[in-house]
*Asks:* 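One structure follows; several queries about it will come next.
Both backbone and side-chain heavy atoms feed into the values below; hydrogens, waters and symmetry mates do not. The shown structure was predicted, so the numbers you read here are calculated from the model rather than taken from an experiment. Remember, it's 1-based here, ligands and their atoms both numbered in the order they're listed.
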Amino acid sequence: MDNKKLKDDLIKDLIYKKKNFFDVASEKEIENCFNFAEEYKEFLNACKTEREACKFIVNMAKEAGFKEFKFGDKLKKGDKRYFVNREKSVVLFKIGNTNLEENGMRLIGAHIDSPRIDLKQNPFYESDGFCFLKTHYYGGIKKYQWTTIPLSLHGVVIVRDGSKVEINIGENEDEPVFYINDLLPHLAQNQMKKSGGELISGEQLNIVFGGKIFKDTSINEKIKANILTILFEKYGIREADFMSAELCAVPSMKARDVGLDRVFIAGYGHDDKSCAYPAVKAILEAKNSDTVMALLVDKEEIGSEGSTGMKCKVYEDLIDEICANFNALPRKVRAKSKCLSADVTSAYDPNFAEVYEKLNSAIISHGVAVKKFTGARGKSDASDASAELVGEIKKLFDDKNILWQTSELGKVDIGGGGTIAKYVAGLNIDTLDLGVPVISMHAPYELISKADLYSAYQAFKTFNEN
Ligand code: MN
Ligand code: MN
């Protein structure tokens, strides 16, 4: 071998270069990747809210032989259990054969809530031929994006007698959808001068709910009267029942392949279902593992708050109770445990290059993105994983040929965002953020690459099994 070739090889080994999945994957791997995407699209279409995701995941777990766990239940090695928290978050776990105090647990945490438009508790409002529903948006959205698209209505209503009515309208082709108005360009001179955040105000996000008059009534709001009649006949719901309801409008569009080569998927809720689904698959399929746990939590989009968000003590209680079953000290087990905080990141968008620092951005189709830290500005609110933990995961992924890359959200001074990582890390569990890069994150119809979805799945499987 000549000297120049030797030097070339040496330099190539010294330099780091990201790889495109479609450049390095075999035909068989690409086929597996595309097949995985088909399963994922079904999940995405069926799980537009955390409650629906929770139910779907429980069914997947049951099919895989998991049994329900309730506090106080006895556990033994090899047990496969699921724990449901208030129908909005679910934890799956498998008890391994290894010693909990020595090996700890392997956790993967993802969230199953996504930005959306919630109904207000007193939503009905009739005006000039319309009956509208007032809304209060959930999570960080660009409000103008949620106008003039088909919306479906999902959720639960607790009615007068205390029973629960489930609502899901607008997903099937033969059902009506709902709609938020925007202004025609012909009359939008003043609107178009406003800043993006003011193009549509929160109080303009009113949902078109009906327009037919109920004739035989003396009350004034005749369209509302007609709508309430329909609601009562179909669902047994009265206006006052909306006060004890959780109803949200979400895009009714189904997930679709994008591009002539079908490499991308557009869908509602890739944040964070594109991490939740691989995390669920990875634990259902985990073989010869330590004790593994998948946390599918709610309320990440509004700060992980409440009794179903990651800040709730229930997740710590669950770990403690598993430990108690095996006479292991929870604090020892947590100190030895590791967690992947599985949440999406922003993919580098060549059309908005100015907000990204390309060297440290996740490039689409270049694999699952590892984020040593998230946060904003001077790493505010970041969990910031240790070099040791990143080094360990890096070696694992490289040894097992997982396609991965590192990433930051965007340029340092431009913005930022957080995940559940810091709350898990706060339990004294080493935690690393990683996830699928997303284009148009938090839009009603987000975009991901099948390659990155598949890499996330492979990464989670490898983490669980090694
Ligand atoms: Mn997220
Ligand atoms: Mn988000």
Side-chain angles (χ1 to χ4, degrees), residues 40 43-44 47-50 53-54 57 88-90 107-118 137-143 145-146 248 250-251 255 265-280 294-306 308-311 315 339-347 349 355 361-362 368-376 380-383 385 407-410 414-425 431-449 452-453 456-457 459-460:
Y40 169 66
F43 174 79
L44 204 56
C47 302
K48 295 202 172 173
T49 64
E50 62 278 1
C54 188
I57 292 164
K88 296 191 216 177
S89 81
V90 52
L107 304 96
I108 301 179
H111 66 92
I112 49 177
D113 62 319
S114 300
R116 61 179 190 235
I117 312 282
D118 284 345
Y137 61 94
Y138 172 97
I141 62 166
K142 287 165 131 179
K143 296 188 286 289
Q145 291 182 329
W146 295 70
C248 48
V250 296
I265 308 169
Y268 164 66
H270 285 319
D271 179 8
D272 187 29
K273 307 323 189 287
S274 66
C275 293
Y277 185 72
V280 170
L295 301 142
L296 295 313
V297 298
D298 179 30
K299 296 283 179 284
E300 193 281 338
E301 294 297 352
I302 57 167
S304 298
E305 309 290 349
T308 53
M310 193 62 225
K311 282 187 199 169
Y315 308 105
C339 176
L340 296 183
S341 160
D343 203 346
V344 298
T345 189
S346 173
D349 189 337
V355 301
S361 296
V368 65
V370 170
K371 300 162 275 181
K372 185 175 179 299
F373 52 86
T374 59
S380 250
D381 282 325
S383 169
S407 86
E408 287 189 38
L409 203 63
I414 288 207
T419 66
I420 62 164
K422 61 178 178 176
Y423 308 113
V424 183
T431 303
L432 176 62
D433 273 299
L434 84 176
V436 174
V438 176
I439 290 283
S440 314
M441 197 199 292
H442 285 200
Y445 214 41
E446 303 169 316
L447 193 80
I448 60 165
S449 163
D452 301 325
L453 174 75
Y457 162 65
F460 299 163

*Asks:* Ignoring waters, how many protein N/O/S atoms are under 2.8 Å from the Mn ion (ligand 2)?
*Replies:* 4
*Asks:* Under a 4.0 Å N-O cut-off, is there an ion pair linking Lys273 with Glu446?
*Replies:*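 Looking at Glu446 together with Lys273, the answer is no, because their closest N to O distance does not fall below 4.0 Å.
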*Asks:* Side chains of Lys299 and Tyr138, heavy atoms from C-beta outward: is any pair under 4.5 Å?
*Replies:* yes
*Asks:* Going by the side-chain hydrogen bond (donor to acceptor under 3.5 Å, both in side chains) test, name the single residue among Gln145, Glu301, His270 that passes it with His442.
*Replies:*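 Answer to the side-chain hydrogen bond (donor to acceptor under 3.5 Å, both in side chains) test with His442 among Gln145, Glu301, His270: Glu301.
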*Asks:* I'd like to know whether Thr345 forms a side chain to side chain contact (heavy atoms under 4.5 Å, CB included) with Thr374, so could you lay out the CA-CA distance, the side-chain angles of the two residues, the decisive distance to 0.1 Å, and finally the verdict.
*Replies:* CA-CA 9 Å; Thr345 189; Thr374 59; over 6 Å; no
*Asks:* Is a side-chain donor or acceptor of Lys142 paired with a backbone partner of Ala443 at a separation under 3.5 angstrom?
*Replies:*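 Between the backbone of Ala443 and the side chain of Lys142 there is no qualifying donor-acceptor contact (under 3.5 Å).
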*Asks:* If we ignore hydrogens and angles and just use 3.5 Å, is the side chain of Tyr315 paired with the main-chain N or O of Thr308 as donor and acceptor?
*Replies:* yes
